[in-house]
Amino acid sequence: MTTSHAAMEPSPTNSDRSVDTYGADLFRLASAKLFRREDAEDAVQETLLAAIRAAQDFRGDSSERTWLFGILHHKIVDQIRAAERRERNESLDEDAAYFDDSGHWRNPPRGLSLPPGDGLLNREFMAQLRDCLRDLPRKQALAFISQTLEDQDSEATRKELGVTSTNLWVLLHRARLGLRACLENHWSKKGAPSR
Amino acid sequence: MSWMSCRENAQRASDAVDGRLSLCGRAILWLPLIVCPPCRVFRQQLHQLRSLLRQAEPTSLADPEGLSPAAEQRIKEALRSDRGKTN
């Protein structure tokens with residue numbers, strides 16, 4: 001009988017304790033990849049459910065936290081795939097939203113007035129960035145985040161999402177088209193930060 | 001010429017960011033950008049985004065409010081009620 005995951009074995013106190021111990025951290029990472037509070041909450045719940053159900057079978061050869069975050073990554077991708085099945089598939093020619101028949105910009109890029117200095121420290125900007133990421137199709141957002149933030153190997157991102165290489169490049173390209181358009185629309189309207 | 005369309009320029013700019021442009025592709029990337037300012041802006045924006053986000057960690061984009069007490073409660077209840085279903 002494994003001992004390292006005894007903490008996860010089903011019992012009311014253990015399940016409560018798992019939420020107290022890991023809930024906030026799991027949610028933090030899930031929300032940084034899913035951008036909708038309900039989706040992130042679901043991913044956390046699914047993760048802890050799966051962990052508690054599996055605890056007795058787990059061999060205990062890696063730390064509990066690493067194990068849990070591994071499950072979380074799978075649940076995030078499951079979420080995205082389920083959302084895709086629920087919603088219509090994105091149109092094959094999404095580029096038509098950005099380019100007319102001659103291949104010219106429908107809305108020519110004008111410029112991004114990103115916040116000066118370290119934009120990541122600007123709360124308003126980060127909130128806008130999160131909103132724009134939420135507006136992207138979930139797979140595009142996750143591909144973009146995995147590839148850009150985590151500087152993940154493209155092969156790893158491709159496997160994580162379960163797509164071909166070609167699909168990955170398409171996802172990234174569309175994510176960029178959408179993200180920069182959204183930021184240009186919403187951030188430029190706000191103007192430079194008043195602080 | 002289709003290789004100079006904005007659509008093509010934008011695709012090449014993305015390919016460049018992904019390190020997928022051939023040497024020849026990189027060499028000819030700049031010419032269409034001279035004649036198309038919006039395409040040049042697009043390429044700049046990709047670079048701006050990339051350098052901004054390079055400083056970020058995975059959790060930089062997390063929900064600033066964190067897991068709510070209500071959600072914590074819901075999750076706890078869901079886990080407790082699941083107990084009755086296993087085995």
Side-chain angles (χ1 to χ4, degrees), chain A residues 10-12 15-16 18-20 23-33 35 37-38 40-41 44-45 48-49 52-53 95 98-99 102-105 108-112 114 118-120 123 126-127 129-130 133 144-151 154 169 172-173 176-177 179-180 183-184, chain B residues 1-15 17-20 36-68 70-87:
Chain A
S11 90
S15 68
D16 276 13
S18 73
V19 180
D20 290 333
D25 288 349
L26 288 169
F27 178 81
R28 187 173 304 121
L29 190 59
S31 75
K33 290 175 178 259
F35 305 105
R37 188 165 299 154
E38 326 79 66
E41 288 165 0
V44 173
Q45 184 170 304
L48 291 172
L49 263 173
I52 286 173
R53 287 172 184 165
D95 283 5
Y98 302 104
F99 303 103
S102 328
H104 294 132
W105 291 101
R110 292 181 312 277
L112 269 184
L114 292 181
D118 188 353
L120 302 176
R123 270 214 317 222
M126 289 306 279
L129 182 56
R130 294 197 78 250
L133 284 160
F144 182 80
I145 289 301
S146 296
Q147 194 74 358
T148 311
L149 253 70
E150 304 184 12
D151 206 13
S154 64
W169 307 127
L172 289 171
H173 182 48
R176 290 171 188 136
L177 282 168
L179 201 54
R180 68 111 237 135
L183 283 172
E184 195 179 274
Chain B
M1 289 192 276
S2 76
W3 72 270
M4 283 184 74
S5 78
C6 301
R7 184 197 297 254
E8 288 293 321
N9 291 340
Q11 182 65 63
R12 284 213 174 73
S14 248
D15 291 344
V17 169
D18 291 327
R20 294 176 63 225
C36 180
C39 289
R40 189 162 63 244
V41 170
F42 177 75
R43 184 158 176 254
Q44 285 165 358
Q45 289 173 341
L46 292 197
H47 284 230
Q48 275 179 294
L49 268 177
R50 185 170 62 162
S51 60
L52 176 86
L53 291 169
R54 248 182 190 163
Q55 307 158 50
E57 292 159 11
T59 50
S60 298
L61 286 162
D63 186 329
E65 297 183 15
L67 184 64
S68 72
E72 244 188 53
Q73 223 21 67
R74 271 199 318 272
I75 293 172
K76 282 179 177 174
E77 278 159 23
L79 296 182
R80 279 183 224 139
S81 68
D82 186 68
R83 257 191 70 243
K85 294 180 202 152
T86 55
N87 300 350

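All chains are named by letter (A, B, ...) in the order of the sequence lines, taking the proteins before the strands, and each is independently numbered beginning at 1. Quick note: numbers below take in every heavy atom, side chains included, and nothing from hydrogens, waters or symmetry partners. Keep in mind that what you see is a predicted model, and the values were worked out from it rather than measured.
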Is A/Ile52 close to B/Asp82 at the side-chain level, that is, under 4.5 Å between some pair of heavy atoms?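 Heavy-atom side-chain distance check fails, nothing below 4.5 Å.
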Largest heavy-atom contact set with chain B, pairs under 4.5 Å, which of A/Ala127, A/Ala30, A/Ala32: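 Heavy-atom pairs under 4.5 Å are most numerous for A/Ala32.
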For chain B, which of A/Met126, A/Gln147, A/Arg130 has the most heavy-atom pairs under 4.5 Å?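 Going by pairs under 4.5 Å, I would pick A/Arg130.
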Checking side-chain contact (heavy atoms from CB on, under 4.5 Å) for the pair A/Leu172/B/Val17: CA distance, chi angles, key distance, verdict? CA-CA 10 Å; A/Leu172 289 171; B/Val17 169; over 6 Å; no
Taking B/Lys76 first and then A/Asp20, would you say they form a salt bridge - that is, a charged N and a carboxylate O separated by under 4.0 Å?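 Judged by the 4.0 Å cut-off on N to carboxylate O distance, B/Lys76 and A/Asp20 do form a salt bridge.
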As a quick check of understanding, evaluate side-chain contact (heavy atoms from CB on, under 4.5 Å) for A/Asp95 and B/Arg7, giving each step before the final call. CA-CA 8 Å; A/Asp95 283 5; B/Arg7 184 197 297 254; 3.2 Å; yes
For the atom pair [atom1] ([X]) and [atom2] ([Y]), what is the distance rounded to the nearest 0.5 Å?
X: A/Ser154; Y: B/Asp18; atom1: OG; atom2: CG; answer: 8.0 Å
X: B/Leu49; Y: A/Thr148; atom1: CG; atom2: OG1; answer: 8.0 Å
X: A/Asp25; Y: B/Thr59; atom1: CG; atom2: OG1; answer: 9.0 Å
X: B/Glu77; Y: A/Asp16; atom1: CD; atom2: CG; answer: 9.5 Å
X: B/Ile75; Y: A/Phe27; atom1: CD1; atom2: CZ; answer: 8.5 Å

Walk me through it: do B/Leu61 and A/Phe35 pass the test side-chain contact (heavy atoms from CB on, under 4.5 Å)? CA-CA 8 Å; B/Leu61 286 162; A/Phe35 305 105; 4.0 Å; yes
With sequence neighbours excluded, tell me which residues meet salt bridge (Lys or Arg N to Asp or Glu O under 4.0 Å) with B/Asp15.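 B/Asp15 satisfies salt bridge (Lys or Arg N to Asp or Glu O under 4.0 Å) with B/Arg20 only.
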Check salt bridge (Lys or Arg N to Asp or Glu O under 4.0 Å) between A/Arg180 and all other residues, then give those that pass, not counting sequence neighbours.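 With neighbours one apart ignored, the set is A/Glu184.
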Please determine whether the number of non-hydrogen atoms from other residues, nucleotides or ligands lying under 6.0 Å from atom CD of B/Gln73 exceeds 12.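 Enclosed.
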If I measure from the heavy atoms of chain B, does [X] come under 4.5 Å with its side chain, its backbone, both, or neither?
X: A/Leu133; answer: side chain
X: A/Ser102; answer: backbone
X: A/Tyr98; answer: neither

Passes side-chain contact (heavy atoms from CB on, under 4.5 Å), A/Phe99 versus B/Ser5? Steps please. CA-CA 9 Å; A/Phe99 303 103; B/Ser5 78; over 6 Å; no
Structural part of B/Leu53 lying under 4.5 Å from a heavy atom of chain A: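 Contact with chain A is through both the backbone and side chain of B/Leu53.
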Report which part of B/Gln11 has an atom under 4.5 Å of a heavy atom belonging to chain A: side chain, backbone, both, or neither.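 Contact with chain A: backbone and side chain both.
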Restricting to non-hydrogen atoms, name the atom on [X] and the atom on [Y] that form the minimum distance, rounded to 0.1 Å.
X: B/Glu65; Y: A/Arg37; value: OE1-NH2, 3.6 Å
X: A/Ala24; Y: B/Leu67; value: N-CD2, 4.0 Å
X: B/Ala62; Y: A/Ser31; value: CA-OG, 3.4 Å
X: A/Trp105; Y: B/Cys39; value: NE1-SG, 3.3 Å
X: B/Ala78; Y: A/Leu49; value: O-CD2, 4.5 Å
X: B/Gln48; Y: A/Leu112; value: NE2-O, 3.3 Å

Over 60° means perpendicular and under 30° means parallel, so classify the ring planes of A/His173 and B/Phe42, tilted if in between.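 Ring orientation of B/Phe42 relative to A/His173: perpendicular.
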Please evaluate residues A/Arg176 and B/Ser14 with respect to the criterion side chain to side chain donor-acceptor pair (under 3.5 Å), reporting the C-alpha separation (whole Å), side-chain torsions for both, the decisive distance (0.1 Å), and the verdict. CA-CA 8 Å; A/Arg176 290 171 188 136; B/Ser14 248; 3.0 Å; yes
Is there a donor-acceptor contact under 3.5 Å from the side chain of B/Arg80 to the main chain of A/Ser15?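 No.
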Counting heavy-atom pairs under 4.5 Å with chain A, which one of B/Gly66, B/Ser68, B/Ala71 comes out on top?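 Maximum pair count with chain A is reached by B/Gly66.
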